[in-house]
Number of protein chains: 2
Amino acid sequence: MLQVRDGLLQVLLWRRAHDPFAGSWALPGGYLEPGETLEQSIRRHLAQKVDVRELAHLEQLETRSEPDRTPHEWQLATAYLGLVPSDADPRIPDDTAWHPVDALPPLAFDHESIVLAGRERLRAKLSYTNVGYALAPREFTISQLRDIYAAALGHDVSATNLQRVLLRRGVLESTGQLRASGPSGGRPGALFRFRKQTLEVTDQFAVLRPPSGAGPSSLLRSRAFPAKGGRHR
Amino acid sequence: MLQVRDGLLQVLLWRRAHDPFAGSWALPGGYLEPGETLEQSIRRHLAQKVDVRELAHLEQLETRSEPDRTPHEWQLATAYLGLVPSDADPRIPDDTAWHPVDALPPLAFDHESIVLAGRERLRAKLSYTNVGYALAPREFTISQLRDIYAAALGHDVSATNLQRVLLRRGVLESTGQLRASGPSGGRPGALFRFRKQTLEVTDQFAVLRPPSGAGPSSLLRSRAFPAKGGRHR
DNA sequence: GCAAAAGTGTTGTGTCTACACCCATGT
DNA sequence: ACATGGGTGTAGACACAACACTTTTGC
């Protein structure tokens with residue numbers, strides 16, 4: 001479960017009470033109950049840590065099966081990536097805490113590599129989808145959004161270009177509103193929101209895309225009128 | 001397991017001998033043995049159908065857990081995408097056959113949706129990675145490669161542009177060789193090969209990429225010399 | 001010479017980055 | 001007025017699609 005807090009990308013970790021790895025930090029989760037899907041199970045386990053309504057996006061990452069990933073007993077684990085908007089401040093139990101992904105404590109099992117894989121997935125999807133909605137508050141100024149993107153991506157982001165890219169793609173829309181300017185002055189920022197609150201691919205990055213006029217399956221298409229004489233056009 | 005055969009994208013299916021779904025077609029696979037990773041297990045089951053050396057690429061797709069995806073007993077399944085070069089013609093057992101993905105017979109369980117998900121993954125990766133190596137023969141002409149891409153993508157592909165895109169990205173390299181021209185004449189084609197035989201992302205499709213000069217983590221960077229007077233340049 | 005197949009040259013388009021400049025507010 | 005932060009205008013780089021044209025072969 002990732003969130004941008006205090007300008008940093010952070011992950012919710014849980015301090016293990018029991019062996020193995022008693023006392024060290026781990027990702028929240030647990031066993032699958034009979035009759036439950038993996039997604040239901042993750043949501044159930046997370047609900048014990050955080051109000052589920054805060055969870056703005058959840059997607060499957062990968063199933064790990066290495067026999068030595070857990071000691072004593074062999075366990076398969078399916079990892080999920082969950083995202084929480086940066087303005088949510090869920091009450092969390094005493095045995096959990098947010099940790100910056102850039103400065104993780106030693107983690108139990110293979111959880112460190114799972115966290116890093118989740119971060120990579122998030123970074124990729126920030127580029128070509130609208131997942132931003134799951135990290136941002138409902139309404140925000142472009143600079144707020146820029147800080148969220150910068151924290152998640154790990155590098156500076158230009159507010160100018162971020163605005164233009166997301167507007168051109170139709171990912172953001174303007175609420176007519178303005179945010180009052182801060183105590184140190186400055187022009188008030190316009191408030192924006194994500195047009196959709198569900199995942200959408202916004203950049204097909206599909207080089208090798210279908211030829212302009214053609215339908216999806218042109219394999220059966222006959223090359224009508226082999227152009228004996230005239231060029232049309 | 002997907003392959004381009006006879007100009008069509010096809011999937012290797014296995015006719016089930018036993019209930020449930022006795023007699024209908026299904027994806028090859030089977031139970032995980034103790035101490036085995038999922039990947040080892042898939043390779044083991046596939047080896048019973050096809051020589052494993054033919055498998056040029058294998059990647060995990062998704063784990064399905066819906067309780068009603070199998071009758072009577074609840075089973076989780078982790079789906080993998082395997083690719084075989086189009087010049088391989090593996091000996092396959094009598095109870096298996098290749099089927100065009102465009103014209104699947106009714107499949108057991110949720111296997112149809114898995115096949116379609118695999119095709120989507122393949123199509124996406126053809127655009128931004130070098131996965132083509134896993135579908136193409138070791139050496140090929142551009143038109144052969146175009147036919148393979150066209151079959152996998154489901155639409156016409158321009159040989160001209162395919163060549164330029166893949167060369168520009170450094171994905172293909174020319175062997176000095178020429179292929180003899182066919183019986184109907186025509187200029188002989190140059191032979192190319194994929195520079196790498198392992199998966200590589202070749203198009204970052206990373207809009208929102210780091211600013212040109214900056215290292216990966218510029219969050220800790222102090223904005224040295226706040227430019228009191230002079231502009232530098 | 002002519003058809004077939006392969007390959008190159010060239011133009012136009014869209015999307016992005018970078019950077020200069022203008023705008024609105026607080027003190 | 002001027003500092004602070006927000007927003008627009010514009011130019012250049014790049015990757016790609018489309019298509020005209022040239023090259024090399026078989027017949």
Side-chain angles (χ1 to χ4, degrees), chain A residues 126-128 140-147 149 153 155-172 174 176-192 202-214 223 226-229 231-233, chain B residues 126-128 140-147 149-150 153 155-172 174 177-192 202-214 223 226-229 231-233:
Chain A
L126 280 175
S127 283
Y128 68 91
F140 44 82
T141 64
I142 295 296
S143 358
Q144 285 179 285
L145 190 64
R146 186 228 326 160
D147 292 341
Y149 272 69
L153 292 171
H155 60 74
D156 287 354
V157 171
S158 144
T160 299
N161 293 333
L162 180 64
Q163 181 184 29
R164 278 206 272 239
V165 167
L166 297 184
L167 283 176
R168 185 179 351 175
R169 294 181 175 179
V171 170
L172 295 188
S174 171
Q177 325 254 69
L178 293 186
R179 166 91 78 216
S181 52
S184 56
R187 174 171 171 177
L191 283 177
F192 292 81
T202 59
D203 178 56
Q204 284 308 107
F205 56 79
V207 86
L208 311 176
R209 55 177 160 277
S212 16
R223 220 166 279 262
K228 176 177 287 196
R231 318 259 153 99
H232 4 207
R233 164 48 176 133
Chain B
L126 280 174
S127 282
Y128 68 91
F140 45 81
T141 64
I142 295 294
S143 356
Q144 285 179 286
L145 190 64
R146 186 226 331 161
D147 293 340
Y149 271 69
L153 292 172
H155 60 74
D156 287 353
V157 171
S158 143
T160 299
N161 292 333
L162 180 65
Q163 181 184 29
R164 279 205 271 239
V165 167
L166 297 184
L167 283 175
R168 184 183 325 135
R169 294 180 175 180
V171 170
L172 294 189
S174 171
Q177 325 255 65
L178 293 187
R179 166 90 78 216
S181 53
S184 58
R187 175 172 170 176
L191 283 178
F192 290 82
T202 59
D203 179 56
Q204 284 309 105
F205 56 79
V207 89
L208 312 176
R209 54 176 162 277
S212 16
R223 222 165 278 262
K228 176 177 289 197
R231 316 262 153 97
H232 358 212
R233 181 320 179 236

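Each chain gets a letter, A, B and so on, in the order the sequences are listed, and its residues count up from 1. Being a predicted model, the structure only gives us computed values, none of them experimental.
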Legend entry - Residue pair L191(B), T141(B): steps toward the side chain to side chain contact (heavy atoms under 4.5 Å, CB included) verdict: CA-CA 5 Å; L191(B) 283 178; T141(B) 64; 4.0 Å; yes
Inset, instruction - Whole angstrom is fine here: how far is it from CG in L145(B) over to P in dA6(C)? - result: 12 Å
Inset, instruction - Measure the distance from OH on Y128(B) to P on dC16(D) and round it to the nearest whole Å. - result: 15 Å
Legend entry - Minimum-distance nucleotide (side-chain atoms of V165(B) versus dT8(D), dT8(C), dC16(D)): dC16(D)
Inset, instruction - Starting from C1' on dT17(C), measure out to OH on Y149(A) and report it in whole angstrom. - result: 17 Å
Inset, instruction - Could you tell me whether the phosphate oxygens of dC16(D), OP1 or OP2, come under 4.0 Å of any side-chain nitrogen or oxygen in R169(B)? - result: yes
Inset, instruction - Measure the distance from CG on N161(A) to P on dG12(D) and round it to the nearest whole Å. - result: 17 Å
Inset, instruction - Could you tell me, to 10°, how much the axis swings from one end of the helix from dG1(C)-dC27(D) to dT27(C)-dA1(D) to the other, five pairs per end? - result: 20°
Legend entry - Separation of atom CZ in F140(B) from atom P in dG7(C), rounded to whole Å: 12 Å
Legend entry - By side chain to side chain donor-acceptor pair (under 3.5 Å) - contacts of R179(B) (at least two apart): Q144(B)
Legend entry - Listed partners of Y128(A) passing ring pair (Phe, Tyr, Trp, His ring centres under 6.0 Å), at least two apart: F205(A), F205(B)
Legend entry - Contacts of F140(A) that satisfy ring pair (Phe, Tyr, Trp, His ring centres under 6.0 Å) - sequence neighbours left out: F194(A)
Inset, instruction - Examine the base of dA15(D) for any acceptor or donor lying under 3.5 Å from a partner atom in the side chain of D203(B), and report the outcome as yes or no. - result: no
Which atom pairs, one a donor and one an acceptor, fall under 3.5 Å between side chains of residues 157-172 of chain A and the rest of the protein, sequence neighbours left out?
residue : atom : partner : partner atom : Å
S158(A) : OG   : T160(A) : N            : 3.3
S158(A) : OG   : N161(A) : N            : 3.0
R169(A) : NH1  : S127(A) : O            : 2.9
R169(A) : NH1  : T202(A) : OG1          : 3.4

Within the sub-3.5 Å range, which N or O atoms of nucleotides 10-12 of chain C have a protein N or O partner, and how far apart are they?
residue : atom : partner : partner atom : Å
dT10(C) : O4   : R164(B) : NH2          : 3.3

Legend entry - Between dA5(C) (P) and L178(B) (CG): distance, integer Å: 17 Å
Inset, instruction - Report the nucleotide, chosen from dG9(C), dG7(D), dC16(D), that has the shortest atom-to-atom distance to any side-chain atom of R168(B). - result: dC16(D)
Inset, instruction - Find the distance L191(A):CG to dG7(D):C1' and express it as a whole number of Å. - result: 14 Å
Legend entry - Nucleic acid footprint by protein, nucleotides 1-6 of chain D - heavy-atom cut-off 4.0 Å, B for base, S for sugar-phosphate alone: ---BBB
Inset, instruction - Name the nucleic acid region contacted by R179(A), choosing base, sugar-phosphate or nothing; use a 4.0 angstrom heavy-atom cut-off, strictly under. - result: nothing
Inset, instruction - Round to the nearest Å and state the distance from Q163(B) atom CD to dA6(C) atom C1'. - result: 9 Å
